[in-house]
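Heads up: the structure comes next, in structure tokens.
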Amino acid sequence: MIPQPSSPPPTPPHPLASFPMRLLRPPAFCLTHLPPRRILTPTKMSTSPRKPFAPPARPLHYVVASKASQIDAKLMSPPYSFTLDQLMELAGQSVSHAIFHTHPPPARVTLVCGPGNNGGDGLVAARHLHHFGYAVTVHYPKRAARPPFEALVQQLGVLDVPVDSGLPLAAADVVVDAVFGFGFRVAGGVREPFGRFLAAMNEAEGVLLAVDVPSGWEVDGGGKAEGAVRTPDVLVSLTAPKLCARGLHGVQHWVGGRFVPRRLCEELAFEVPEYPGIEGVVRVQ
Ligand SMILES: NC(=O)C1=CN([C@@H]2O[C@H](COP(=O)(O)OP(=O)(O)OC[C@H]3O[C@@H](n4cnc5c(N)ncnc54)[C@H](O)[C@@H]3O)[C@@H](O)[C@H]2O)[C@@H](O)CC1
Ligand SMILES: [K+]
């Protein structure tokens, strides 16, 4: 006898059929349910100026001009063995970073560069600012015909950054005073052609940012040469603030130069600020 086909057994209910549906939905943190990613532009990523400013935990240490040049001389001797080119690159780069934090691109930046190393810091900063997307103009009235200055000017030429010897100053959102640093001697006043350039900076519109020392100010405090620059809006001290920066009111103050070995601070009895994260500059006021 041929067996009769029997009807197929009923399909058992799915084990999750009676499971509450809300528990079967992907949880909120599931990758497929993330909101679309926001693309951050470099300007939006620069949060420093928007962050509330908290003063540093330890008090700032100010140095006099003689101490500043002693620090420089030590840095460039064994065992520290930095070269001037290295120090100038670090100094100029930190100036460019402070400008990025205080005044993100796009913006026009005019840098006035003096005859010494302070001017060299300005030339380095100009190159970095160009790469960050600023429209940069340099005024360099008295060009130093020696390394590394000649190379720094050539590097700006390759980037088509104008390097002007005269006046008027190019209109700018930020005017950088890189004329004199701790090598300025107040006796006898500001010699020309720099007096004219300091006057032009005082009349210029835009934020005035001084590199290391406001030009024409007595580095150890207490006075200014006639025709010195006005109190800057922003000051970027290099390595350690100079005495003339003490007690400045209404100035946004940054310190740059995160490379000083602890051993040198101990040897010459000075302090440098703590830097956050990977920053080479820190706002101290
Ligand atoms: N570790 C650091 O802190 C570093 C500092 N650097 C920079 O180097 C600067 C010091 O450099 P320098 O020693 O070359 O000095 P400056 O660049 O401050 O000035 C020196 C120049 O100014 C001229 N000068 C001085 N008094 C004058 C007056 N009354 N009228 C007209 N011209 C005058 C001098 O003849 C000389 O050419 C610092 O302020 C800083 O900006 C960096 O380049 C290297 C590293
Ligand atoms: K300066």
Side-chain angles (χ1 to χ4, degrees), residues 61-77 80 82-96 98 111-125 139-149 152 175-199 201-202 208-220 223-245 251 254-261 264-265 268 270 272 280-281:
H61 189 111
Y62 298 84
V63 297
V64 294
S66 56
K67 183 65 147 273
S69 39
Q70 200 185 0
I71 294 169
D72 256 17
K74 275 273 182 195
L75 280 169
M76 288 190 265
S77 316
Y80 304 106
F82 282 89
T83 63
L84 175 64
D85 301 29
Q86 274 184 296
L87 295 180
M88 205 171 271
E89 189 65 30
L90 289 162
Q93 189 178 42
S94 54
V95 170
S96 70
L111 300 102
V112 185
C113 298
N117 294 350
N118 197 256
D121 299 346
L123 297 174
V124 170
H139 292 263
Y140 190 29
K142 202 171 164 187
R143 298 182 183 202
R146 61 181 190 278
F149 304 91
L152 294 176
V175 175
V176 177
D177 160 22
V179 180
F180 303 123
F182 63 67
F184 178 73
R185 300 289 167 261
V186 78
V190 180
R191 295 192 295 276
E192 294 299 347
F194 299 105
R196 291 197 291 279
F197 281 86
L198 301 197
M201 283 194 284
N202 282 337
L208 180 63
L209 180 144
V211 176
D212 207 19
V213 175
S215 292
W217 291 29
E218 206 164 347
V219 181
D220 295 347
K224 296 176 193 177
E226 201 180 321
V229 289
R230 66 172 174 85
T231 301
D233 304 293
V234 184
L235 171 66
V236 185
S237 296
L238 296 169
T239 302
K242 314 300 169 290
L243 211 54
C244 62
V251 177
W254 295 73
V255 180
R258 185 184 193 169
F259 60 88
V260 181
L264 180 62
C265 296
L268 294 183
F270 73 105
V272 290
V281 284

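Keep in mind that the numbers below use all heavy atoms, side chains included, and drop hydrogens, waters and symmetry copies. A quick note: this is a predicted structure, and the numbers were derived from the prediction, not measured. Order of listing sets the numbers, starting from 1, for every ligand and every atom in it.
In this structure, the side chain of Q86 engages the main chain of T83 through a donor-acceptor pair within 3.5 Å. Judged by distance alone, with hydrogens and angles left aside, the side-chain atoms of K242 form a donor-acceptor pair with the main-chain N or O of A240 at under 3.5 Å. In terms of modelled atom types and a separation under 3.5 Å, the side chain of S237 and the main chain of V255 share no donor-acceptor contact. With hydrogens and angles disregarded, no donor-acceptor distance shorter than 3.5 Å links the side chain of D177 to the backbone of D212.
Here N117 has heavy atoms under 4.0 Å from ligand 1 in both its backbone and its side chain. Proximity of D121 to ligand 1, defined as any heavy-atom pair under 4.0 Å, is confined to the side chain (atoms from C-beta onward). Only side-chain heavy atoms of D72 come within less than 4.0 Å of ligand 1; its backbone N, CA, C and O stay farther off.
The salt bridge (Lys or Arg N to Asp or Glu O under 4.0 Å) test applied to R185 returns no partner, not counting sequence neighbours.
Between F180 and ligand 1, a contact under 3.5 Å exists for no N or O pair. Between G119 and ligand 1, not a single N/O pair is under 3.5 Å apart. Some N or O of G181 is nearer than 3.5 Å to an N or O of ligand 1, by distance alone. For ligand 1, the polar-atom distance check against G189 finds a nitrogen or oxygen pair separated by under 3.5 Å.
Considering all non-hydrogen atoms of both residues, L243 and D220 come closest at CD2-O, 3.4 Å.
Here 7 is the count of protein N, O or S atoms positioned under 3.4 Å from the K ion (ligand 2), waters not counted.
Atom 37 (O) of ligand 1 has as its closest protein heavy atom P115 CG, 3.4 Å.
A ring-centre distance under 6.0 Å is found for F259 and F82.
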